[in-house]
Amino acid sequence: METLKYLMETLNNLFLIIAEFIRGLFADPHSVWANLTMNVINFIIVVIIVVLAALILILLERKVAGWTSQRPGPNRLGPRGWFQTIADALKLMGKEDVTPAGADKFIFKIAPMIIFCLPMMTLAVIPYGRGMAPIDIDLGIFYFVAISSISTLCFLMAGWGSNNKYSLLGGMRAVAQMISYEIPLLFSLLGVVMITQSFNLGVIVEAQGTIPFIVLQPIAFVIFMIAGLAELNRAPFDLVEADQEVVAGPFTEYTGLRWGLFFLGEYGNMTAMSALAATVFLGGWQGPGFLPGYVWFFMKVGVMIFIMMWVRWTFPRIRIDHLMHLAWKVLLPLSIVNILLTGLGIYIYRFVMGG
Amino acid sequence: MGTIVFFIFAILSIAAAWMVVTSKNIVHSALYLALSFSGVAVLYILMNADFLAAVQLLIYTAAVSLMVIFAVMLTLRGDICESNTENKSWFAGALVSGLLFVVIGLVVFTNADWRVLAAPWTSGGSAEDFSLLLLTRYMIPFEAAAVLLTVALVGAVILAKGVNESK
């Protein structure tokens with residue numbers, strides 16, 4: 001029994017032990033060079049997480065699509081179609097890289113690169129396990145939202161740089177949609193911040209040791225899910241790339257791997273948003289002790305991603321005036337009411353507990 | 001280390017600001033403005049004002065996209081490459097901005113309390129003390145700004161939707 005407990009403890013802290021070992025290779029474990037090395041290693045791990053997540057999710061999306069519409073999905077390449085992603089990537093690499101003649105070349109080329117950088121920056125502050133945040137900053141949530149808000153600008157850059165009317169329309173839709181939904185997204189997170197009194201994601205996970213915040217903040221969770229889906233431009237909120245209306249929105253003129261970067265960025269952002277939801281509302285790495293914390297964390301992220309895909313293949317696209325109506329007249333007042341109720345709740349709790 | 005980072009991003013911000021003024025294409029100007037704002041955000045982090053840096057990214061950099069939209073919608077010229085041609089009265093502009101710079105410089109240098117601290121002066125992160133100050137010492141300016149923004153929002157809605165002019 002003791003050995004089992006010890007084994008569990010070791011498994012739980014496996015990555016921390018490895019990190020300590022690497023630090024121990026330096027003469028002074030806390031010198032600048034040791035910190036720099038650890039930062040580089042952390043960065044590489046985050047990049048690997050983003051790329052791996054994108055590779056897995058591309059296949060998973062098709063499988064979920066097949067499951068929802070009662071068909072097998074891709075099943076020709078490899079066992080049960082697992083090599084489909086590799087074939088897709090090879091196909092994308094083989095395509096000609098076209099830059100439209102009238103394009104604003106620099107903007108056109110830099111937009112997909114920036115959009116692929118953003119999930120790496122946001123995933124770097126997520127705590128993957130006890131003490132396992134690659135960068136532990138006090139303003140975790142705020143930093144996350146601030147960085148992900150830049151993606152609006154990238155969509156507009158892509159739409160503008162393509163010099164195509166459908167691209168520009170898509171870019172403008174992206175701005176209208178993403179700036180509107182940023183507000184309920186932020187406000188839904190505020191309730192949790194009020195309870196924990198901290199923006200730090202590590203502290204927020206620690207505070208969920210007894211009860212995950214989805215129980216205390218159910219309205220906030222629903223608002224967060226809707227606003228998060230809209231921020232990611234995924235169906236039913238995929239007006240930015242609605243193919244029946246604006247061809248493919250900002251992506252119309254992109255070919256080959258440039259388009260692939262947008263695709264990877266979308267899945268990276270989806271992973272980041274799911275990771276934030278799992279951290280803030282589902283308890284992050286907290287869970288029953290028979291599995292290591294990081295396994296719990298990735299299971300929760302997986303469940304969130306599955307729900308997002310399920311929603312995508314179930315609901316039809318929302319109309320643009322309904323979209324704005326939902327953001328400004330339903331979600332925004334609801335999130336403000338949620339903040340008020342949370343404040344009242346905290347006040348009553350303190351009054352009752354005599355704090 | 002901090003000095004090197006400071007000079008890299010200070011030069012980046014100023015160069016981007018210069019390009020905002022001189023760029024012929026108004027969309028390029030707006031995007032350079034975003035770059036300049038991001039550089040300033042890094043400078044805020046160097047001054048231990050990380051909350052302000054995040055606000056800078058969230059409010060200013062992201063809002064540049066709105067500015068691009070207005071630039072695109074309100075520009076009447078056929079060719080976007082000549083949408084931001086240089087104004088003839090650049091001397092007056094230089095005079096005004098020079099005077100403004102001198103005034104800000106005077107305020108900064110005459111205020112004895114203006115210095116960068118080695119460590120953050122706050123105990124529990126800058127957001128916490130920032131909010132405490134906002135809700136106690138600077139309560140009235142904060143509320144006035146909130147009222148002003150609400151009035152602006154209501155005004156924008158009325159301008160867009162129109163009112164029933166029944167007499």
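Sequence lines set the chain letters: A, B, ... in the order given, protein chains first and strands last, and positions in each chain run from 1.
- Shortest non-hydrogen contact noted between B/Ala54 and A/Ala146 is O-CB, 3.6 Å.
- Atom OH of B/Tyr32 is surrounded by 12 or fewer heavy atoms from other residues, nucleotides or ligands within 6.0 Å.
- Open room surrounds CD1 on B/Ile140; 12 or fewer heavy atoms of other groups in view lie less than 6.0 Å from it.
- Listed by first then second residue, pairs satisfying ring-ring contact (aromatic ring centres under 6.0 Å, His included) with a partner in residues 180-206 of chain A read A/Phe142-A/Phe199, A/Tyr181-A/Phe237, not counting sequence neighbours.
- A/Met157 touches chain B through its side chain: at least one heavy atom from C-beta onward sits under 4.5 Å away, while N, CA, C and O do not.
- Counting heavy-atom neighbours within 6.0 Å of B/Met19 CE, excluding the residue itself, gives a total above 12.
- When heavy atoms are compared at a cutoff of 4.5 Å, A/Val175 approaches chain B solely by way of its side chain, counted from C-beta outward.
- Under a cut-off of 6.0 angstrom, the local environment of CG in B/Leu106 is crowded, with over 12 non-hydrogen atoms contributed by other residues, nucleotides or ligands.
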Using the rule given for side chain to side chain contact (heavy atoms under 4.5 Å, CB included), can you reason through A/Asp104 versus B/Val27, listing the C-alpha separation, both sets of side-chain angles and the distance that settles it, and then say yes or no? CA-CA 10 Å; A/Asp104 206 330; B/Val27 175; 5.5 Å; no
What verdict does the side chain to side chain contact (heavy atoms under 4.5 Å, CB included) test give for B/Leu58 and A/Leu186, after you've listed the backbone C-alpha separation in whole Å, the side-chain angles of each residue and the deciding distance to 0.1 Å? CA-CA 11 Å; B/Leu58 183 64; A/Leu186 252 175; 3.6 Å; yes
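- At a 4.5 Å heavy-atom cutoff, A/Ile137 makes no contact with chain B through either its backbone or its side chain.
- Near-neighbour residues of residues 162-174 of chain A relative to chain B, defined by a heavy atom under 4.5 Å from a heavy atom of that chain, comprise A/Leu168, A/Met172.
- Atom-to-atom distance recorded for B/Thr61:OG1 and A/Leu153:CG is 8.0 Å, nearest 0.5 angstrom.
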